[in-house]
Amino acid sequence: MSEERPWRKRIRILGACVFLLYMAGLIYFLFLSEDAGHGGAGEYDYNIQPFREIIRYIRYRELLGTRAVLMNLVGNVIGFMPFGALVPLMWRSARRAWRTTLLSFEISALVEIAQLIFKVGCFDVDDMILNALGGLIGYVLFFAASRCYYKAEQRRTAAAETQEVCADRK
């Protein structure tokens, strides 16, 4: 057990470093990247009706183009998957699906409000929904990976104990 603790601490530290890089990249992409259409302050633009933009993108996907649809719908989900995977890695209190999903929604709401205030991008409740979904998917991936890790660790421990017992019998 003493060997596990230093590894856990190292994993958390590594997770925190990756999280900081992820957040820096997210902030750059959402607020500063000219490629994402955030070059300068524009006009206020917002959507407060849930699922309006999601339905619009699906309904008019041929007119809008595959790239635009994927960037908006899939991009918002994928963009928050690392958040959902890294938060429970770093904080034990976030090791519940609902907490990670709620935290994803809250952080997304802060981003959307900042976009509205600074006139960078637009405030869209659908982005918050898609980001929360991405956070949940990231959590599910974290949960699955942690289960695989613990099962492999149990097999290694059992194999080591079996070898000890066999060695003691000789």
Straight-line distance of Tyr150 OH to Thr157 OG1, nearest 0.5 Å: 12.0 Å
Can you confirm whether Leu89 sits close enough to Ile11 that some side-chain heavy atom of one is under 4.5 Å from a side-chain heavy atom of the other? yes
Qualifying residues under side chain to side chain donor-acceptor pair (under 3.5 Å), relative to Ser108, sequence neighbours excluded: Asn131
Qualifying residues under side chain to side chain contact (heavy atoms under 4.5 Å, CB included), relative to Leu103, sequence neighbours excluded: Phe83, Val87, Glu106, Ile107
What pairs with Ile27 under side chain to side chain contact (heavy atoms under 4.5 Å, CB included), at least two apart in sequence or on another chain? Phe31
Same apolar cluster: Ile55 and Val77, side chain cutoff 4.5 Å: yes
To the nearest 0.5 Å, what is the distance between CZ (Phe105) and CG (Leu136)? 13.5 Å
Under 4.5 Å between any side-chain heavy atoms of Leu64 and Arg56, yes or no? yes
Give the other cluster members for Leu21, using side-chain heavy-atom distances under 4.5 Å between Ile, Leu, Val, Met, Phe, Trp and Tyr residues; answer none if it is isolated. none
Minimum heavy-atom separation for Val125 and Ile48, please, with both atom names. CG1-C, 3.7 Å
With Leu116, which residues qualify under side chain to side chain contact (heavy atoms under 4.5 Å, CB included), at least two apart? Tyr44, Tyr46, Phe123
Mind checking side chain to side chain contact (heavy atoms under 4.5 Å, CB included) for Leu141 and listing every partner two or more places apart, or none if nothing turns up? Met81, Ile137
With sequence neighbours left out, write down each residue that passes side chain to side chain donor-acceptor pair (under 3.5 Å) with Glu112, or none if nothing qualifies. none
Determine, using the 4.5 Å side-chain heavy-atom cutoff (strictly less than), whether Val74 and Tyr139 are members of one ILVMFWY cluster. no
Give, for atom CG of Leu130 and atom CG of Asn72, the distance between the pair rounded to the nearest 0.5 Å. 7.0 Å
Under 3.5 Å, which donor-acceptor pairs do the side chains of residues 91-99 form with other protein atoms, sequence neighbours left out?
| residue | atom | partner | partner atom | Å |
| --- | --- | --- | --- | --- |
| Arg95 | NE | Pro88 | O | 2.8 |
| Arg95 | NH2 | Pro88 | O | 3.4 |
| Arg99 | NH1 | Ser93 | O | 2.9 |

Kindly compute the distance separating CG (Asp126) from CG (Asn76), expressed to the nearest 0.5 Å. 9.0 Å
At what distance, to the nearest 0.5 angstrom, does CE of Met23 lie from CG of Leu30? 9.0 Å
Restricting to side chain to side chain donor-acceptor pair (under 3.5 Å), what partner residues turn up for Arg156, sequence neighbours left out? Glu153
From Asp127 CG over to Gln115 CD, what is the distance, rounded to the nearest 0.5 angstrom? 7.0 Å
